[in-house]
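Some notes on the structure that comes next.
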Amino acid sequence: MEKLQAALSKARTARQKTGGPATAAPVTSRRQQVPKGSSADDPTPAWEELQRVDLAPAVLRRHRIVSREATSDATPFDILRTKIVLQMEQNGWTRLAITSPEPNSGKTTLACNLALGLGRQSSMRSMLFDFDLGSPEVHSFFDLKMRYGLPEVIIRNVDFAKQAVRVTENVAVSVSPHPERDPTRFLMMDRTVDLLDEVQREYAPDIMVFDLPSALSSDKALAFLQHVDCALIVARAEQTRFRNLDRCEMEVAANTNVLGVALNGCRRSALSANDIN
């Protein structure tokens, strides 16, 4: 990880010297802030009315979702969770996007583990949204048999309260069980922005996590980033080329704050010289 951090820092310095943008500096959120519910507008009834679904431990293990309980396997995700929460609280942020330079980097695995890890914080409410509408996976990782997906909620064919479910006492998820042929149109709809604002006002989650498409595979993730406060980039050791990670960081930073980079599947000495060339 130190090699990766050093390489990214070197690339940022090089961009500055050539007049290019430096990245990762926290800036004011680009979206309009939505006030959370107050004691006069208690969101608890709406939250409690969401359908509760029990997750099968065997299904979670099969998909490497390990953070539901405080175990040694969950420790890396718990450390990441703590760092994310501290940085988001410090900046007053509530919306976190998770993306990657290319597919199969483990972003959905990380998003699901982060959500369940947040669920062990009894003082927080968290929500996970599967906005990788062209290739959704959260429903299969949690084995959720849903009739409706996020697109139906966005176009107002079904209420969010009837589509979202709680998978723990204080974690709710909204999934997309079927891939969309044109997912970008949903990500760019004004109705999508309105929906997220409504959910934030009514349910008052402390953190909203969005599993997005890979940033370099199409324009789908970039179209959505303007609606979040920050983004976490997931790279896979021995797969993600540094040049793609550097490009991904620049693209993400042009649309929102870069919270950091998580290196997935890393083993000791996993990064070779080719990875940072």
Side-chain angles (χ1 to χ4, degrees), residues 1-12 22-31 33 36 64-101 105-129 138 168 170-171 173 205-212 214-215 221 225 228-237 240 242 245-246 248-253 255-268 270-271:
M1 189 63 187
E2 290 79 7
K3 293 181 182 178
L4 179 62
Q5 291 172 335
L8 284 171
S9 178
K10 182 179 179 180
R12 294 181 193 125
T23 63
V27 297
T28 303
S29 176
R30 293 165 170 82
R31 68 175 184 85
Q33 296 296 317
K36 291 177 60 177
R64 299 182 181 179
I65 310 302
V66 298
S67 62
R68 187 178 184 182
E69 306 291 340
T71 64
S72 58
D73 289 337
T75 299
F77 295 105
D78 290 346
I79 294 173
L80 179 64
R81 174 202 64 201
T82 300
K83 291 182 177 180
I84 287 173
V85 170
L86 288 175
Q87 192 165 347
M88 292 186 70
E89 287 182 344
Q90 182 180 16
N91 288 282
W93 296 339
T94 57
R95 297 184 185 180
L96 167 67
I98 297 182
T99 187
S100 60
S105 297
K107 64 177 181 59
T108 300
T109 302
L110 188 148
C112 292
N113 274 296
L114 175 61
L116 293 188
L118 288 167
R120 301 203 328 268
Q121 305 296 297
S122 59
S123 61
M124 299 182 66
R125 286 198 182 112
S126 305
M127 286 184 160
L128 172 61
F129 298 79
V138 173
T168 73
N170 55 340
V171 176
V173 300
D206 295 281
I207 293 183
M208 303 167 78
V209 180
F210 303 91
D211 183 17
L212 296 188
S214 300
L225 287 175
V228 303
D229 298 308
C230 55
L232 180 69
I233 300 171
V234 181
R236 180 173 287 279
T240 303
F242 174 73
L245 178 57
D246 185 39
C248 178
E249 187 189 35
M250 286 192 294
E251 295 282 3
V252 171
N255 293 276
T256 191
N257 298 288
V258 178
L259 192 65
V261 176
L263 187 61
N264 194 24
C266 185
R267 299 191 300 272
R268 185 173 296 177
L271 286 178

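These numbers were taken from a predicted model, which means no experiment stands behind them.
For the pair N257 and N91, the minimum side-chain heavy-atom distance is 4.5 Å or more. In this structure, R120 and D78 have side chains that are in contact, with non-hydrogen atoms separated by less than 4.5 Å. Residues V209 and L118 have side chains in contact (heavy-atom distance under 4.5 Å, counting atoms from C-beta outward). Counting only heavy atoms from C-beta outward, the side chains of C112 and V138 approach each other to under 4.5 Å.
Atom OG1 of T240 sits about 7.0 Å away from atom CG of L245, to the nearest 0.5 Å. To the nearest 0.5 Å, atoms CD1 (I207) and CE (M127) are separated by 13.0 Å. Interatomic distance, L259 CG to Q87 CD, rounded to the nearest 0.5 Å: 4.5 Å. In this structure, CG on D229 lies 10.0 Å from CE on M208, to the nearest 0.5 angstrom.
Among L110, T109, V234, the one residue that satisfies the side chain to side chain contact (heavy atoms under 4.5 Å, CB included) test with N264 is V234. Under the side chain to side chain contact (heavy atoms under 4.5 Å, CB included) rule, T82 has a single partner from I79, L80, I84, L86, which is L86. A side chain to side chain contact (heavy atoms under 4.5 Å, CB included) with C248 holds for exactly one of S100, S105, P101; it is P101.
Qualifying ring-ring contact (aromatic ring centres under 6.0 Å, His included) partners for F210, counting only residues two or more places apart in sequence or in other chains: F129, F131, F224. V66 is linked by a side chain to side chain contact (heavy atoms under 4.5 Å, CB included) to D73, F77, N113, counting only residues two or more places apart in sequence or in another chain. By the side chain to side chain contact (heavy atoms under 4.5 Å, CB included) test, A115 pairs with L128, V171, sequence neighbours left out.
With D206 contributing its side chain and S126 its backbone, the two residues share no donor-acceptor pair below 3.5 Å. Of the possible donor and acceptor atoms, none in the side chain of T256 sits under 3.5 Å from a partner among the backbone N and O of A231. Of the possible polar contacts, one joining the K107 side chain to the L212 backbone as a donor-acceptor pair under 3.5 Å is found.
Closest approach of A221 and T99 over heavy atoms only: CB-OG1, 4.1 Å. Considering every non-hydrogen atom in both G117 and R81, the closest pair reads O-NH1, 3.0 Å.
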